[in-house]
Amino acid sequence: MKRIIFVFFLFSALSKLFSQATTPIPCTSGKAYVVMQNITGTSGISGFYSIDANSGAVTTIKNPIIPASTGITGRRINCIGYNKLDGFIYGYRANSNQIIRLDLNGNYDLITVSGLTAGTVGAATAGDVYNNELYIFRNSNAQIYKINLSTLAVTVIPFTTPTAITNFQINDFAFASDGNIYGITQIGSARKVFRINLTTNALQFLGDAIGAQINSEADDSWGTAFIDSADNLYVGNNGSRNAYKFQYNSATTSYSMNASLFATANDAGQVLADGASCALTLPPNPKDDTGCIADPTLSQTITINVLSNDVSGTRAINPASVRLINPSTMATATTVTIPGQGTFTVNTTTGVISFSSLTTFTQPVTIQYSVADTAGLVSAPATITVSICYCTKTPATGTPNAYTPIGITSQQKQDSWPQSIPNGFIALESKQKGLVITRVNHVSTTPQTTDSVTDPKEGMIVYDIQDKCVKLFNGTRWKCINRSCNQ
C-alpha cells in the first residue's frame, strides 16, 4: 500500500513539474463541465466549457482546447470525468494513445498511455473518473478500458448485455456512490436507463424513461451524464441541449423513470460531446408561471401553484420557503404590492401564491420568486406573469336553425343572398361603408342617473365617446368590448 501511494505521489510530482494544467477545479462552484465540438469548424476539434447546472448558462473556458499551432491533427476530446483526488478533469484524445488532464482555465497536459492504442480504443464515446481511475468506453464492443491515473496501467473490463451491443449506443455515463455506472441509451423508440454493475460486469436496463418531452426528443444521442451528491441522475440530449433528471430513491435504492426537464443549456454554437462534474449539490430549479384575470374592471383574486412545475434539485423542495422578490428593493417578502395593479401574497405553508387585482389592472404584471430545498439551499429566481384571460368558444355546428331573411347591400345583389347566411336576422354588406351604431357621451360601469342612457337593457350596445370604446350592457353593468371573456 505504501508503495502504491509513493508511486502516485512520485508520478504526480514529476508530471506537475512540467505541467501546464496547474489550477484545480473546485467542487463547490455548482458547475458542470463539457467538451463540445465546433459545428462549423473542422471535424474533431473540441472546446472546453462550463455549464451552470441550474440555469443552463454556458461559459467558454477555452476553444479550441488544443490549438492548431501544436501541429496535432486529432484534437477531439471525449470521455471526460472529474477526479476528486486532485481536482482535475481527465479525458481521452480520440483515436490516440493519450489521455488529457484539464484545469480550471482549460490548460492541459497530454499523457501518453502505453497500454492504449488507437486501433483498440479508437473513437471512444463515453467516460468518467472514479477512485482515481479513468473509465472509457467504445461502442463497437462491450468492454471498458480502465486507466489508473497514478500508474497509467490499463485494465480491460468486458461486460455482458441483455441484447447485442450493436443494437444500442452509449454516449456518456456517470458513476454513482455505489461504484456502478449509470446513463441512458435508446433501443428502438424507447429511451432506457441502464446500469453497468462493475461487480458482476453486467449491463442491465432499469426501465424506460417516462415523460412526453424526453420521448419526443428528435436526437437519439445523450452525450452528457452527471450524478449529484444524492445520486440523482442527469442526462443531456445532444440535439436539444435539454437536461433531464431521474430522481434517486435511497430507501428503495432505485431510480424513478419519470424524467423531469431540469435545465436547457444555452446554444454556444457547438455540439455537445461529453460532460463531467463532481458530485454537486444542486438547489431547486423553479420554472416560470402564468396566471390571468378574467375581468380587469373588477377586483379579483387568483391563485398560482408555482411549485407544480418546479423541479427539485439534490434535495426535496420546502413549500414553506417560497418567497416573492420585491422589484423595488430586490429583497424577499411574503407580500408585494404593485402600485395600480394589485398585490401578490405567499401562503407560507403551501407555497401557493395569490394575486388580488385592482380595478386599474393592466397587463401584463410580472414578479419573481425563489424557493429553497429542505436544507435551505435557495434557487435562482423564476418569473410569474399575470395577464388578462382570453377565451374562445366552440362554434355552432350541424344544421342551421334558420337563415337570414333581411339584407342591405351596397353591392350587386346575388340571388342566394342573404338567405345563404345561416342563423341571422339582418345582414349588412359593403366594401366601402361602415356601420355607425348609437353614440352617447358616456355611460358608467355601474349605471348612474346622470348617464346618457338612463334605462339600459341587457344586450344593449353603444359607442361611449368619452371612453372611446364600444360598450355592452350585460344586465348589471357596462363594459368596453375587448379581447377577453365578454360575459
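Positions are given from 1 along the sequence.
- The side chain to side chain donor-acceptor pair (under 3.5 Å) check on S55 picks up D52, with sequence neighbours excluded.
- Taking 4.5 Å as the limit, some side-chain heavy atom of I214 sits within range of a side-chain heavy atom of I184.
- Between the side chains of N97 and T112, no donor-acceptor pair of N or O atoms lies under 3.5 Å.
- In terms of the side chain to side chain donor-acceptor pair (under 3.5 Å) criterion, residue partners of S356 (sequence neighbours excluded) are, by chain and number, T301.
- Interatomic distance, T264 OG1 to N237 CG, rounded to the nearest 0.5 Å: 10.0 Å.
- One distance of note links CD1 of I89 with CD1 of I61; it measures 7.5 Å at 0.5 Å rounding.
- Of the possible polar contacts, none joining the Y248 side chain to the S256 backbone as a donor-acceptor pair under 3.5 Å is found.
- For S260 (side chain) and F262 (main-chain N/O), no donor-acceptor pair under 3.5 Å exists by modelled atom type.
- Minimum interatomic distance between D220 and Q169 (heavy atoms only, all atoms of both residues): O-NE2, 4.4 Å.
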Practice problem: Check the pair N249 / S254 against side-chain hydrogen bond (donor to acceptor under 3.5 Å, both in side chains), numbers first and verdict last. | Solution: CA-CA 5 Å; N249 187 325; S254 63; 5.5 Å; no
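- Counting all heavy atoms, side chain and backbone alike, R101 lies closest to A21 at O-CB, 3.8 Å.
- Heavy-atom minimum distance, S229 versus T281: OG-OG1, 2.8 Å.
- The minimum heavy-atom distance linking L280 with K31 is given by the pair CD1-O, 3.5 Å.
- A side-chain N or O of Y244 and one of E217 form a donor-acceptor pair less than 3.5 Å apart.
- Side-chain contact check for N139 and T125: at least one donor-acceptor pair (N or O, by modelled atom type) lies under 3.5 Å.
- Taking the six-membered ring where the residue is Trp, the centroids of Y82 and Y33 are separated by 6.0 Å or more.
- Of the inter-residue distances, the one linking I100 atom CD1 with L134 atom CG reads 11.5 Å to the nearest 0.5 angstrom.
- Proximity of Y369 to P286: side-chain heavy atoms (C-beta onward) are separated by under 4.5 Å at one or more points.
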Self-check item: Test side-chain contact (heavy atoms from CB on, under 4.5 Å) applied to N180 and I196, step by step
Solution: CA-CA 6 Å; N180 294 319; I196 301 177; over 6 Å; no
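- Looking only at side-chain heavy atoms (C-beta outward), K192 and M257 stay at 4.5 Å or farther from each other.
- Between D109 and F88 the shortest side-chain heavy-atom distance does not fall below 4.5 Å.
- Judged purely by atom type and a 3.5 angstrom limit, N318 has no side-chain atom pairing as donor or acceptor with the backbone of T374.
- Relative orientation of the F175 and Y130 rings is parallel, given thresholds of 30° and 60° on the angle between their planes.
- Residues F173 and F194 share a closest heavy-atom pair of CB-CZ, 4.2 Å.
- One finds the CD atom of Q37 at 4.0 Å from the CZ atom of R76 (value rounded to the nearest 0.5 Å).
- Relative ring orientation between F344 and F355 is described as tilted, the plane-to-plane angle lying within the 30° to 60° band.
- Counting only distance, with no hydrogens or angles, the side chain of T329 and the backbone of A331 share a donor-acceptor pair below 3.5 Å.
- Remark: K62 is not positioned above the aromatic ring of F48, lacking an NZ or CZ atom under 6.0 angstrom from the ring centre and at most 45 degrees off the axis.
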Exercise. Go through D288 and I384 one step at a time and tell me if the side-chain contact (heavy atoms from CB on, under 4.5 Å) criterion holds.
Key: CA-CA 6 Å; D288 293 345; I384 302 170; over 6 Å; no
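- Within the 4.5 Å cutoff, the side chain of W222 has no heavy atoms near those of the I170 side chain.
- Side-chain atoms of T337 and T343 form a donor-acceptor pair, as typed in the model, at a separation below 3.5 Å.
- Residue pairs satisfying the salt bridge (Lys or Arg N to Asp or Glu O under 4.0 Å) criterion with at least one member in residues 118-141, sequence neighbours excluded, are listed as follows: E133-K146.
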Quiz prompt | side-chain contact (heavy atoms from CB on, under 4.5 Å) between I136 and I144, intermediate numbers included | solution = CA-CA 6 Å; I136 60 178; I144 290 172; over 6 Å; no
Quiz item: Are Y182 and D178 close enough, and set up right, to give a side-chain hydrogen bond (donor to acceptor under 3.5 Å, both in side chains), and what steps lead you there?
Solution: CA-CA 10 Å; Y182 294 84; D178 63 3; 2.6 Å; yes
Quiz prompt | Working for side-chain contact (heavy atoms from CB on, under 4.5 Å), residues F361 and I388 | solution = CA-CA 9 Å; F361 174 82; I388 298 173; 3.9 Å; yes
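- Among residues at least two apart or in separate chains, there is no salt bridge (Lys or Arg N to Asp or Glu O under 4.0 Å) pair with a member in residues 318-347.
- Taking the charged nitrogens against the carboxylate oxygens, K287 and D310 have no contact shorter than 4.0 Å, which rules out a salt bridge.
- Of the possible polar contacts, one joining the S379 side chain to the V371 backbone as a donor-acceptor pair under 3.5 Å is found.
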Self-check item: Verdict with reasoning, D228 to T314, per side-chain hydrogen bond (donor to acceptor under 3.5 Å, both in side chains)
Solution: CA-CA 7 Å; D228 68 17; T314 300; 3.1 Å; yes
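- The ring pair (Phe, Tyr, Trp, His ring centres under 6.0 Å) check on F226 picks up nothing, with sequence neighbours excluded.
- Side chain of R93 to main chain of G74: a donor-acceptor pair is present (N/O by atom type, distance under 3.5 Å, no hydrogens or angles).
- The backbone N or O of I65 sits nowhere less than 3.5 Å from a side-chain atom of R75 that would complete a donor-acceptor pair.
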Exercise. Kindly determine whether Y90 and D86 satisfy side-chain hydrogen bond (donor to acceptor under 3.5 Å, both in side chains), including the steps that lead there.
Key: CA-CA 11 Å; Y90 290 81; D86 61 10; 2.5 Å; yes
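- Put simply, CD1 on I157 and CD1 on I181 are 7.5 Å apart, with the number rounded to the nearest 0.5 Å.
- Note that OG of S387 is 9.0 Å distant from CD1 of I293, once rounded to the nearest 0.5 Å.
- Between V235 and T224, every side-chain heavy-atom pair lies at or beyond the 4.5 Å cut-off.
- Between S150 and N148, the shortest heavy-atom distance links the atoms N-OD1, 2.7 Å.
- Taking the side chain as every heavy atom from C-beta outward, I66 and I77 approach each other to under 4.5 Å.
- Side-chain contact between V113 and Y92: absent, with no pair of heavy atoms (C-beta onward) separated by less than 4.5 Å.
- Sorted by first and then second residue, the salt bridge (Lys or Arg N to Asp or Glu O under 4.0 Å) pairs with a member in residues 245-265 form an empty list; sequence neighbours excluded.
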